[in-house]
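Written below as structure tokens is the structure these notes are about.
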Amino acid sequence: MQIDLNADLAEGCGLDEALMQRVSSANICCGLHAGNAAEMAAALRWAKQYGVRIGAHPGYPDRENFGRRALSLSENDLRAYLRYQLGALQAMAEAEGLRMHYVKPHGALYNQAAQDADLARTVAETVKQFDPCLKLMALSGSLLLEAGRAAGLGVISEVFADRRYLPDGSLVPRSRADAQVESDEEAVAQVLQMVTEGSVTAVDGSRVAVQADSICLHGDGEHALTFADTIRHALAQAGITVAAGEPV
């Protein structure tokens with residue numbers, strides 16, 4: 001058994017090179033919700049050095065709120081912002097001799113598209129028009145994942161190591177005190193349950209079916225590196241290999 005580990009990088013958190021040595025896929029911020037061109041370029045160089053698969057991590061143009069505030073953009077504006085970000089990362093990746101493999105929306109865009117069919121369709125169709133060979137990474141069981149399949153894209157079903165789940169399979173909103181899994185032991189147990197049993201225990205104690213193709217490890221905290229090592233060690237102990245599943 002193998003599993004992909006991904007992290008959001010080039011967002012200015014200062015741990016990119018170290019995290020790049022611990023993950024198999026890197027979601028490269030495209031410069032609108034955080035980061036900048038220099039950080040994108042550095043992350044791409046490290047991805048090439050360490051053999052990590054890269055994907056685009058586009059978000060809302062809302063740096064003040066780190067792309068985590070829900071916005072209501074017109075369809076034309078959303079398509080424009082997505083194309084702008086995908087084009088920027090594609091150009092920089094090509095300069096390093098790399099290619100993008102997938103797209104994972106960031107923050108509020110990711111969460112809104114998980115539950116809004118029209119928004120999910122717009123995201124999926126824009127990615128398909130930009131490059132039909134790209135895959136779409138989205139929350140397991142979400143409408144965004146369904147929209148990706150409907151558009152004819154390959155999809156990557158994502159689960160979260162350090163976020164708690166609601167009974168409908170969505171993530172507990174960050175505005176709630178119980179949104180984050182604070183204990184490494186609880187996170188390890190959640191990861192192993194998702195990968196080996198195909199389910200996650202929601203905050204009400206119910207079990208929710210999930211498809212774990214890739215596990216997201218957040219890289220924006222001081223504990224990120226230790227947490228990544230803990231998860232990798234637990235997976236190895238369970239006989240699970242960390243790999244992206246395709247050439248980088």
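Just so it is clear, the model here is predicted, and its values are computed rather than measured. All residue numbers refer to positions in the sequence shown, counting from 1.
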* Asked: For the ring pair His106 and Phe66, is the centre-to-centre distance below 6.0 Å?
  -> yes
* Close side-chain approach of Leu119 and Leu78, heavy atoms under 4.5 Å -> yes
* Structure fact -> In short, Arg207 meets Ser199 closest at the heavy-atom pair NH1-OG, 3.5 Å
* Asked: Okay, side chain of Ser206, backbone of Ala202: is any donor-acceptor separation there less than 3.5 Å?
  -> no
* Asked: Quick one: do Leu145 and Phe160 end up in the same hydrophobic cluster if we chain Ile, Leu, Val, Met, Phe, Trp and Tyr together by side-chain heavy atoms under 4.5 Å apart?
  -> no
* To do: Could you tell me whether a side-chain N or O of Thr230 sits under 3.5 Å from a main-chain N or O of Thr226, the two making a donor and an acceptor?
  => yes
* Asked: If we ignore angles and hydrogens, is there a donor and acceptor under 3.5 Å between the side chains of Asn6 and Ser25?
  -> no
* **Tyr60 vs Asn65 side-chain heavy atoms within contact, under 4.5 Å** => no
* To do: Could you go through the side chain to side chain contact (heavy atoms under 4.5 Å, CB included) check for Lys135 and His101 one step at a time?
  => CA-CA 6 Å; Lys135 294 183 178 181; His101 287 259; over 6 Å; no
* CH2-CG distance between Trp46 and Leu9, expressed to the nearest 0.5 angstrom -> 9.5 Å
* **CZ on Arg53 to CZ on Arg99, rounded to 0.5 Å** => 10.0 Å
* **Test side chain to side chain contact (heavy atoms under 4.5 Å, CB included) applied to His33 and Glu11, step by step** => CA-CA 8 Å; His33 70 269; Glu11 292 181 328; 2.8 Å; yes
* Step by step, would you call Asp62 with Arg68 a salt bridge (Lys or Arg N to Asp or Glu O under 4.0 Å)? -> CA-CA 8 Å; Asp62 183 24; Arg68 289 176 175 166; over 6 Å; no
* Can you find a pair of side-chain heavy atoms, one from Arg176 and one from Val203, that are under 4.5 Å apart? -> yes
* So, does Arg232 use its side chain to make a donor-acceptor pair with the main chain of Arg22 at under 3.5 Å? -> yes
* Kindly compute the distance separating CD1 (Ile3) from OG1 (Thr241), expressed to the nearest 0.5 Å. => 11.0 Å
* To do: Could you point out which residue of Gln190, His218, His223 forms a side-chain hydrogen bond (donor to acceptor under 3.5 Å, both in side chains) with Asp162?
  => His218
* Asked: When rounded to the nearest 0.5 angstrom, what distance separates CZ in Arg79 from OG1 in Thr126?
  -> 4.0 Å
* To do: Answer with yes or no whether the side chains of Glu17 and Tyr50 bring together a donor and an acceptor at under 3.5 Å.
  => yes
* **hydrophobic_cluster_shared for Val210 and Leu143, side chain cutoff 4.5 Å** => no
* To do: Please test Gln237 against His233 for side chain to side chain contact (heavy atoms under 4.5 Å, CB included), starting from the C-alpha separation and ending with a verdict.
  => CA-CA 6 Å; Gln237 289 290 100; His233 178 72; 3.6 Å; yes
* Does Ser142 reach the main-chain N or O of Ala138 with its side chain, forming a donor-acceptor pair under 3.5 Å? -> no
* Structure fact -> All heavy atoms of Leu109 vs all of Gly59, minimum pair found to be CD2-CA, 4.5 Å
* **Arg63 side-chain N/O to Gly31 backbone N/O, donor-acceptor pair under 3.5 Å** => yes
* **Residue pair Gln129 / Arg83, side-chain donor-acceptor N/O under 3.5 Å** => yes
* Is the shortest heavy-atom distance from the side chain of Leu217 to the side chain of Asp8 under 4.5 Å? -> no
* Asked: Looking only at heavy atoms, which two atoms of Cys29 and Ala10 are closest? And how far apart?
  -> CB-O, 3.4 Å
* Asked: For Ala43 and Asp16, which heavy atoms make the closest approach, and how far apart are they?
  -> CB-OD2, 4.2 Å
* With a cut-off of 6.0 Å (strictly less than), are more than 12 heavy atoms of other residues, nucleotides or ligands near CZ of Phe227? -> yes
* Between Leu134 and Val103, which heavy-atom pair has the shortest distance, and what is it? -> CD1-CG2, 3.9 Å
* Got a second to check how far Asp4's CG is from Tyr102's OH, nearest 0.5 Å? -> 6.5 Å
* Are any side-chain N or O atoms of Gln85 and backbone N or O atoms of Tyr81, one a donor and one an acceptor, separated by less than 3.5 Å? -> yes
* Just by distance, with hydrogens left out, do Asn76 and Ser74 show a side-chain donor and acceptor under 3.5 Å apart? -> no
* Okay, side chain of Tyr110, backbone of Leu139: is any donor-acceptor separation there less than 3.5 Å? -> yes
* Linking I/L/V/M/F/W/Y whenever any side-chain heavy atoms sit under 4.5 Å apart, do Ile156 and Ile240 land together? -> no
* Asked: Could you go step by step and tell me if Ile28 and His57 meet the side chain to side chain contact (heavy atoms under 4.5 Å, CB included) rule?
  -> CA-CA 5 Å; Ile28 309 295; His57 194 44; 5.6 Å; no
* Asked: Would a 4.5 Å heavy-atom cut-off, applied to side chains only, mark Arg121 and Glu75 as touching?
  -> yes
* Once you round to the nearest 0.5 Å, how far does CG of Asp178 lie from CD of Gln180? -> 10.0 Å
* Asked: Is Glu158 salt-bridged to Lys104, going by a charged N under 4.0 Å from an acidic O?
  -> yes
* Asked: Linking I/L/V/M/F/W/Y whenever any side-chain heavy atoms sit under 4.5 Å apart, do Val123 and Leu86 land together?
  -> yes
* Can you hop from Leu82 to Leu71 via hydrophobic side chains spaced under 4.5 Å? -> yes
* Leu44 versus Leu89: any side-chain heavy-atom pair under 4.5 Å? -> yes
* **Side chains of Leu235 and Leu5 in contact at under 4.5 Å (non-hydrogen atoms)** => yes
* **Closest heavy-atom pair and its distance - Leu136, Gly148** => CD2-CA, 3.9 Å
* Has the side chain of Asn36 got a donor or acceptor atom that lies under 3.5 Å from a matching backbone atom of Ala38? -> yes
* To do: Determine, for Glu186 against Arg164, whether the closest basic-nitrogen to carboxylate-oxygen distance falls under 4.0 angstrom.
  => yes
* Please tell me if the side chains of Gln193 and Thr201 come closer than 4.5 Å, counting only heavy atoms from C-beta onward. => yes
